[in-house]
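Numbering starts at 1 and runs along the sequence shown. When a ligand or atom number is given, it counts from 1 through the structure's own listing order.
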Amino acid sequence: MQKGASEHDLLGLAGYLAPEGYVDTLREELCGVGAEVAFELGRLLFAARQTEDPAWAQNVWRDPRLIPIRSIRDGARKLRAIQRNWSLYSARHHRRAALIRDALPPVSAKPLEFGAPPPRAPLGSFTLYDEHAIIASPRCSSPFKNGEVRFVEDKRGPPSRAYLKLWEALTLVGIRPGPNDVCVDLGASPGGFTWVLSELGASVIAVDRAPLDPAIAARHNVRQELGDAFSLDPRRLGAIDWLVADIAAYPRRLLELLSRWDRAGALRRAICTIKFQGKTDHAAARAFTERLGGTLRHLSHNRHELTWMRIPADPPPRDPTPGDTH
Ligand SMILES: C[S@@+](CC[C@H](N)C(=O)[O-])C[C@H]1O[C@@H](n2cnc3c(N)ncnc32)[C@H](O)[C@@H]1O
């Protein structure tokens, strides 16, 4: 967008915020669906509005607009006139942008306790386009500042930081396994995901070639299965309510596994990490939703990986075979 840009330049566009380190990946994804990037401000890419949010966008600015401002006070006043809550994504003129943010009502920056719902109040995002214009979007896809979910962490219970990915996924989908649920965790070692599920009271079957952390393996509601996840027949495990997977595996291989589990009726609710090595295989990622439905997201706790989630409000009935595996 040129200097002296007008509101019309943003018509039909959305802002897509890439996670730190993944601007190229998001740009590739957008180009792959025919959405050329019109212009970029730091990690924020503006491209034609898509019906499906790109997986690598950590936050989507749904209705960006250009707001001319005469001063810092004027900028804050104009944003405040739209709504109360704003989060700054600063790409240019950082000091001036921060002064506008500081002149707005405060928005809580407190980390979330796992189990608490995401903030409900609409949170807009803004950035300085130049010294005399803000780009602001009152509606964004994430209720968290720049799509970053920060939790009050548990430094003692979980044996790895992977538990934060599952906390984030469960927070976003808004439902969690409970004491009557049987969960299978594929690629479970050392046990971060298993710890989350076990803490929620679910029965967990933890599958990995490597052993769990002994404290996790010793939990009364955890059963460890040492072996290859790819040669496991889900029907041997009985009824399964949730499948979580964080296996180090090629995306296409993981999709084959999930498709087989789906055909066996073992995929009532699923949260799975898709890991990439080297170049991101966008076609392989898209194949998950094309074949199995659900959604793909880069969670703020993901690295070079995406999370595929399929959590139907009304999942298919539990397999009638005996589900008591403990
Ligand atoms: C990122 S780690 C999982 C971390 C775990 N989710 C946690 O929360 O602590 C990936 C795991 O995949 C396991 N893995 C890789 N290939 C496997 C296979 N074919 N069968 C079972 N586990 C496998 C590895 O042993 C490793 O423990």
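Side-chain atoms of Leu112 and Trp167, non-hydrogen and from C-beta on, never get closer than 4.5 Å to each other. Contact check for Trp86 versus Arg80: no side-chain heavy atoms found under the 4.5 Å cut-off. A heavy-atom distance below 4.5 Å is found between the side chains of Lys165 and Phe193. Contact annotation: the side chain of Leu186 approaches that of Leu232 to within less than 4.5 Å [non-hydrogen atoms, C-beta and beyond].
At a 4.0 Å heavy-atom cut-off, ligand 1 does not touch Ala249 at all.
In the hydrophobic cluster analysis, where Ile, Leu, Val, Met, Phe, Trp and Tyr join through side-chain heavy atoms closer than 4.5 angstrom, Val107 is grouped apart from Phe151. Linking ILVMFWY side-chain heavy atoms closer than 4.5 Å, directly or via other members, places Leu170 and Val152 in two distinct hydrophobic clusters.
Those atoms of ligand 1 with a heavy atom of Lys275 less than 4.0 angstrom away are 1 (C). For ligand 1, the atoms sitting less than 4.0 Å from at least one non-hydrogen atom of Ala162 are 7 (C), 8 (O), numbered in the order shown with element in parentheses. Per-residue contacts place Ala229 under 4.0 angstrom from the following atoms of ligand 1 (heavy atoms of the residue considered): 18 (C), 20 (N), 21 (C). Near Pro190, meaning under 4.0 Å from one of its heavy atoms, ligand 1 places the atoms 9 (O). For ligand 1, the atoms sitting less than 4.0 Å from at least one non-hydrogen atom of Asp228 are 18 (C), 19 (N), 20 (N), numbered in the order shown with element in parentheses. Listed by number with element, the atoms of ligand 1 under 4.0 angstrom from any heavy atom of Ala188 are 5 (C), 7 (C), 9 (O). Every atom of ligand 1 is numbered from 1 in the order shown, and the set under 4.0 Å from a heavy atom of Gly192 is 7 (C), 8 (O), 9 (O). For ligand 1, the atoms lying closer than 4.0 Å to a non-hydrogen atom of Phe230 are 19 (N).
The shortest N or O to N or O distance between Ser160 and ligand 1 is below 3.5 Å. Between Gly191 and ligand 1, at least one N/O pair is under 3.5 Å apart.
In terms of protein heavy-atom proximity, atom 6 (N) of ligand 1 is nearest to Asp246 OD2, 2.9 Å. In this structure, atom 3 (C) of ligand 1 lies nearest to the protein heavy atom Gly187 O, 3.1 Å. The closest protein non-hydrogen atom to atom 16 (N) of ligand 1 is Arg209 NH2, 3.3 Å. Among protein heavy atoms, the minimum distance from atom 14 (N) of ligand 1 is reached at Ile247 CG2, 3.7 Å. When hydrogens are left out, the protein atom nearest atom 13 (C) of ligand 1 is Asp208 OD2, 3.3 Å; that is the closest non-hydrogen contact.
Note on Asp181 versus Arg176: no salt bridge recorded, every NZ/NE/NH1/NH2 to OD/OE distance being 4.0 Å or above.
Between Ile271 and the options Leu243, Leu299, Leu166, a side chain to side chain contact (heavy atoms under 4.5 Å, CB included) holds for only Leu166.
In this structure, Trp61 and Tyr89 have perpendicular ring planes: the angle between them is above 60°, well past the 30° mark. The aromatic rings of Trp56 and His304 sit tilted, their planes meeting at an angle between 30° and 60°. In this pair, Trp308 and Phe288 present their aromatic rings tilted. The plane angle is within the 30 to 60° band.
The shell of residues lying under 4.0 angstrom from ligand 1, judged by heavy atoms, includes Ala248. The shortest heavy-atom distance from Pro158 to ligand 1 is not under 4.0 Å.
Here the shortest heavy-atom distance to atom 5 (C) of ligand 1, taken over Pro159, Ser189, Ala206, belongs to Ser189.
Without hydrogens or angle criteria, Arg223 side chain to Ile205 main chain gives no donor-acceptor distance under 3.5 Å.
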